[in-house]
Amino acid sequence: DAKTTQPNSMESNEEEPVHLPCNHSTISGTDYIHWYRQLPSQGPEYVIHGLTSNVNNRMASLAIAEDRKSSTLILHRATLRDAAVYYCILSPPPQKLVFGQGTRLTINP
Amino acid sequence: DTGVSQNPRHKITKRGQNVTFRCDPISEHNRLYWYRQTLGQGPEFLTYFQNEAQLEKSRLLSDRFSAERPKGSFSTLEIQRTEQGDSAMYLCASSPNRGRGEAFFGQGTRLTVV
């Protein structure tokens with residue numbers, strides 16, 4: 001399973017953008033980049049995924065480096081409800097998702 | 001569709017007892033996954049079904065653990081002779097066959113072994 005590296009924790013302020021980085025230098029050509037988040041006492045929740053091009057959805061944007069060795073999850077305007085652990089996962093579909101430690105995001109009011 | 005449903009939500013059992021958890025995936029989702037999560041850690045993969053076939057099983061899963069998915073619908077995870085180290089949140093997820101990885105998770109079953 002290809003490995004990802006994320007900061008243990010990050011902090012941001014409400015209504016400001018948040019950029020969550022993920023390094024994945026050993027990514028293979030068939031690996032998709034997935035982001036999930038887990039709110040306290042909840043199961044993980046899908047956020048976004050991509051292969052090569054940047055992706056946008058109603059929750060977030062995913063910016064993928066040209067060499068695919070890193071990516072950034074962008075929350076455009078953080079709210080208190082975005083406080084969660086964010087996981088960056090590499091997986092060639094339809095393989096299982098292998099979770100790391102993730103980044104614990106704290107949002108200050 | 002109410003999403004992935006797991007029962008019970010909480011289970012307290014004495015060491016040495018057997019426990020069984022149930023997962024009802026989203027209708028028509030062919031793939032079903034079981035994960036285990038301990039405090040402060042990310043979910044650990046346990047096993048994976050494609051319809052009724054168990055396609056992968058983690059080395060973390062000892063022979064005390066068994067999972068089934070009869071008829072490719074709901075799934076059960078049984079732990080025999082529970083140990084205190086089995087205390088964790090057990091998460092189930094499902095995904096559609098044609099998806100590119102989007103998995104939907106249930107809220108989990110929290111097991112406490114005393």
Side-chain angles (χ1 to χ4, degrees), chain A residues 1-9 20 22 24 27-53 55 57-60 62 64 71 73 84-105, chain B residues 2-7 9-10 21 23-26 29-51 53-61 67 75 88-110:
Chain A
D1 302 316
K3 184 176 172 57
T4 63
T5 304
Q6 300 179 251
N8 288 333
S9 62
L20 295 162
C22 181
H24 31 78
I27 190 170
S28 73
T30 57
D31 282 334
Y32 278 71
I33 302 161
H34 308 264
W35 283 84
Y36 282 75
R37 72 180 186 180
Q38 189 171 22
L39 280 64
S41 303
Q42 301 285 323
E45 173 188 31
Y46 168 83
V47 177
I48 200 166
H49 75 276
L51 183 61
T52 55
S53 303
V55 184
N57 66 20
R58 63 175 180 80
M59 288 181 70
L62 176 59
I64 301 172
S71 61
L73 179 71
V85 178
Y86 286 78
Y87 297 98
C88 170
I89 302 166
L90 301 183
S91 178
Q95 299 299 318
K96 63 184 184 290
L97 301 170
V98 178
F99 290 80
Q101 297 281 68
T103 296
R104 182 172 299 278
L105 176 64
Chain B
T2 56
V4 177
S5 176
Q6 292 189 247
N7 287 289
R9 291 292 310 278
H10 303 273
F21 310 140
C23 172
D24 286 273
I26 293 173
H29 276 192
N30 303 84
R31 302 179 205 145
L32 187 146
Y33 308 82
W34 284 99
Y35 288 81
R36 177 174 66 190
Q37 186 173 28
T38 53
L39 200 62
Q41 303 295 315
E44 290 178 298
F45 169 77
L46 293 179
T47 190
Y48 154 54
F49 290 86
Q50 172 84 25
N51 299 312
Q54 188 173 16
L55 296 186
E56 189 173 349
K57 192 173 172 179
S58 168
R59 290 190 299 273
L60 297 172
L61 217 60
S75 176
M89 176 74 82
Y90 290 83
L91 293 161
C92 175
S94 70
S95 66
N97 201 36
R98 293 186 178 182
R100 289 297 183 190
E102 182 177 355
F104 297 82
F105 283 79
Q107 292 200 307
T109 295
R110 179 165 295 285

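Everything quoted here is computed from the prediction, not taken from an experiment. Within every chain, numbering begins at 1; the chains are lettered A, B, ... in the order of the sequence lines, protein sequences first and strands thereafter.
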Asker: Counting only non-hydrogen atoms closer than 4.5 Å, does B/Glu56 touch chain A with its backbone (N, CA, C, O), its side chain (CB onward), both, or neither?
Answerer: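 Side chain of B/Glu56 only, per the 4.5 Å heavy-atom cut-off to chain A.
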Asker: Work out which heavy atom in B/Leu91 is nearest to a heavy atom in A/Gly43; give both atom names and the distance.
Answerer: CD2-CA, 3.9 Å
Asker: Does the side chain of A/Tyr36 reach to within under 4.5 Å of the side chain of B/Phe105, using non-hydrogen atoms?
Answerer: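 Touching, per the 4.5 Å side-chain cut-off.
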Asker: So which heavy atom on B/Gln41 is nearest to which on A/Tyr87, and how close?
Answerer: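 Closest pair (atom of B/Gln41, atom of A/Tyr87, distance): O-OH, 4.0 Å.
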Asker: When rounded to the nearest 0.5 angstrom, what distance separates CZ in B/Arg9 from OG in A/Ser41?
Answerer: 8.5 Å
Asker: Think A/Lys96 forms a cation-pi with B/Phe45, using NZ or CZ under 6.0 Å from the six-ring centre and within 45 degrees of its axis?
Answerer: yes
Asker: Quick check: B/Tyr35 with A/Phe99 (ring centres under 6.0 Å apart)?
Answerer: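 Under 6.0 Å, so yes.
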Asker: So, for B/Gly42 and A/Gln101, which heavy atoms are closest and what is the spacing to 0.1 Å?
Answerer: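 Minimum heavy-atom contact is N-OE1, 3.8 Å.
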Asker: With only heavy atoms counted, which part of B/Gln37 is less than 4.5 Å from chain A, the side chain, the backbone, both or neither?
Answerer: side chain
Asker: Hey, what do you get for CE (B/Met89) to CD (A/Gln38), rounding to the nearest 0.5 Å?
Answerer: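 One gets 8.0 Å once the value is rounded to the nearest 0.5 Å.
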